[in-house]
A.B. asks: 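Dropping a structure here in structure tokens format, bear with me for questions.
Both backbone and side-chain heavy atoms feed into the values below; hydrogens, waters and symmetry mates do not.
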2 protein chains.
Amino acid sequence: MLMPEIDPPLSPRGRKRDPDRDIAILEATIDLLAEVGYDGLSTAKVADRALAGKGTMYRRWPTKTDLVLDAVAHMKAQQIDLEALPDTGSLRGDLLALFQPSDSAQLDRTSRAMAGVVSMISQMPGLAETGDYSIFAPWIAANTILMERAAKRGEIPAAADIALAAQIIPSMAAYRALILRVAIEKDLLVRLVDQIVLPALHESTAHPSRR
Amino acid sequence: MLMPEIDPPLSPRGRKRDPDRDIAILEATIDLLAEVGYDGLSTAKVADRALAGKGTMYRRWPTKTDLVLDAVAHMKAQQIDLEALPDTGSLRGDLLALFQPSDSAQLDRTSRAMAGVVSMISQMPGLAETGDYSIFAPWIAANTILMERAAKRGEIPAAADIALAAQIIPSMAAYRALILRVAIEKDLLVRLVDQIVLPALHESTAHPSRR
DNA sequence: CCAATTCGATACTGGAAGGTATCGGAACAA
DNA sequence: TTGTTCCGATACCTTCCAGTATCGAATTGG
């Protein structure tokens, strides 16, 4: 009978793959992505920075695109943990605390890498639909959760447009990172929370001019 | 005496340059920038689409980067005219009218071209500082003017954080165009104006939780 | 008419980069 | 020990592309 073994690799005899090489290559990819963008990133430079051979890379990722996408996924995994969100008792405290843990330098590197990914999307029609690449999506999700908790507490009206309000800070961060290419400062975050997001949520009653 | 003529080109004898070629090339550049991004854009493809020879391009722009930057400037010139902003009497009407004139298709092309520019910035350290490339900057300026006019009318308190509020809609547009790659719909704009921007401006009194 | 310049088209050059192949050495299983 | 796989390194191939050069035709001023 044909196909005697569907899963033949039962005896991996030779040397084993070093998992450290994976993360070294992925980290080098993120670094370069943040520095020179997707097209400026060459596989040779990645291998160079990771102190790896190109063969080691291509044994794991068949193409440059696969490598970058996996690097972005690896970066996302290091981001916000939706299971362990801040819980300070007030929505204001929660939103401000959401930024605190990750030092701004880390956030800056992440943002710049994201800018590199944008260029990749431009050349890959169909990739945008998946949305798997976006760093900002989990952050919007975190904002949503915090706001829904506040609504359940009665801190903000149930009629508030949380879906929209949760996008304000992330979209502003995206704008600054991608276009302005400046890090988001603590001061700006406080202004966003106190003068934009919280007023919008509280005064969620429609506000058509004055009527 | 040396330097007899500082501006010698007083007798341009031969055939004259056709100004139509300039705009044809710039338009083709914007189109391709929106379709394939900066790195996916080749000078050969631009010349091809513009029905021009490469020599005609390089006679005008010494390098690909110069061409793209000029194309972006040309695109910006077709955008909002800060001298002829809407004046409906209410800030709400003005903000909503700011979007109306430009059909969404045009806005979509502009946004996608902007996404292509982002990739260029990633590879050109120092270009981000100039800010000359950003399509969104004039739009923020327009928002600022409309809001300042409303403040002068007494429609919104003078203490409102206009500088910040003016960035909300443009940054959201940038996020959707660059990351989500979807056009901004009229419905979303109305929600942004009524439930975020206007409440933020009216209730500009600090809102720290509840204190 | 004539010289100068522009036009579109095309061939060419030099370099950069994705991906493959190979090599000597190391780790690991039988 | 031996065969297999992984490792870093490097040479190599192929494709793509920015930028240049050239050609014949068209336009324009002298």
A.B. asks: Report yes if at least one side-chain N or O of Thr63(A) is closer than 4.0 Å to OP1 or OP2 of dG18(C); otherwise report no.
C.D. replies: no
A.B. asks: Does Lys64(A) make a cation-pi contact with Tyr38(A), if we ask for NZ or CZ under 6.0 Å from the ring centre and within 45° of the axis?
C.D. replies: yes
A.B. asks: Mapping Leu41(A) and Thr56(B) to their closest nucleotides on DNA chain C, which lands nearer the 5' end?
C.D. replies: Thr56(B)
A.B. asks: Check each of Leu32(A), Asp31(A), Ile25(A) against Thr29(A) using the side-chain contact (heavy atoms from CB on, under 4.5 Å) test, and report the only one that passes.
C.D. replies: Ile25(A)
A.B. asks: Atom CZ of Arg60(B) to atom C1' of dG8(C): distance rounded to whole Å?
C.D. replies: 12 Å
A.B. asks: In whole angstroms, how far is the P atom of dC17(D) from the OH atom of Tyr58(B)?
C.D. replies: 12 Å
A.B. asks: Under 3.5 Å, is there an N or O donor on one side and an acceptor on the other linking the side chain of Lys54(A) and the base of dG8(D)?
C.D. replies: no
A.B. asks: Has Ser42(A) got a side-chain atom pairing as donor or acceptor with Lys45(A)'s backbone, closer than 3.5 angstrom?
C.D. replies: yes
A.B. asks: With a 4.0 Å cut-off on heavy atoms, is Leu67(B) in touch with a base, just the backbone sugar-phosphate, or nothing at all?
C.D. replies: nothing
A.B. asks: Hey, are the side chains of Trp139(A) and Gln79(A) touching, using non-hydrogen atoms and a 4.5 Å cut-off?
C.D. replies: no
A.B. asks: Would you tabulate the pairs of protein nitrogen or oxygen atoms and nucleotide nitrogen or oxygen atoms of nucleotides 24-27 of chain C closer than 3.5 angstrom?
C.D. replies:
from: dG25(C); atom 1: N2; to: Arg15(A); atom 2: NH1; distance (Å): 3.2
from: dA26(C); atom 1: N3; to: Arg15(A); atom 2: NH1; distance (Å): 3.4

A.B. asks: Among dG19(C), dG8(D), dC17(D), find the nucleotide with the atom closest to the side chain of Lys64(A).
C.D. replies: dG19(C)
A.B. asks: Arg60(B) and salt bridge (charged side-chain N to carboxylate O under 4.0 Å, His left out): which partner among Asp70(B), Asp18(B), Asp22(B)?
C.D. replies: Asp22(B)
A.B. asks: Starting the side chain at C-beta, find the nucleotide from dA18(D), dC7(D), dG18(C) nearest to Thr43(A).
C.D. replies: dG18(C)
A.B. asks: For Arg59(B), answer base if it contacts any base atom (sugar-phosphate contacts may also be present), sugar-phosphate if it contacts only those atoms, and nothing otherwise; contact means non-hydrogen atoms under 4.0 Å.
C.D. replies: base
A.B. asks: Can you tell me how far P of dA17(C) sits from CG of Asp39(A), to the nearest Å?
C.D. replies: 10 Å
A.B. asks: Measure from CG on Asp22(A) to P on dC7(D) and round the result to the nearest Å.
C.D. replies: 8 Å
A.B. asks: Whole-Å distance between dC6(D) P and Leu51(A) CG?
C.D. replies: 20 Å
A.B. asks: Rounded to the nearest angstrom, tell me the gap between atom CG in Asp66(B) and atom C1' in dG19(D).
C.D. replies: 13 Å
A.B. asks: Taking OP1 and OP2 of dA4(C), is either one under 4.0 Å from a side-chain nitrogen or oxygen of Arg17(B)?
C.D. replies: no
A.B. asks: Rounded to the nearest 0.5 Å, how far apart are CZ of Arg191(B) and CG of Leu188(B)?
C.D. replies: 6.0 Å
A.B. asks: Would a 4.5 Å heavy-atom cut-off, applied to side chains only, mark Ser119(B) and Val118(A) as touching?
C.D. replies: no
A.B. asks: Rounded to whole Å, how long is the line connecting atom CG of Asp48(A) with atom C1' of dA17(C)?
C.D. replies: 14 Å
A.B. asks: What is the distance, to the nearest angstrom, from the CD1 atom on Ile25(B) to the C1' atom on dG8(C)?
C.D. replies: 11 Å
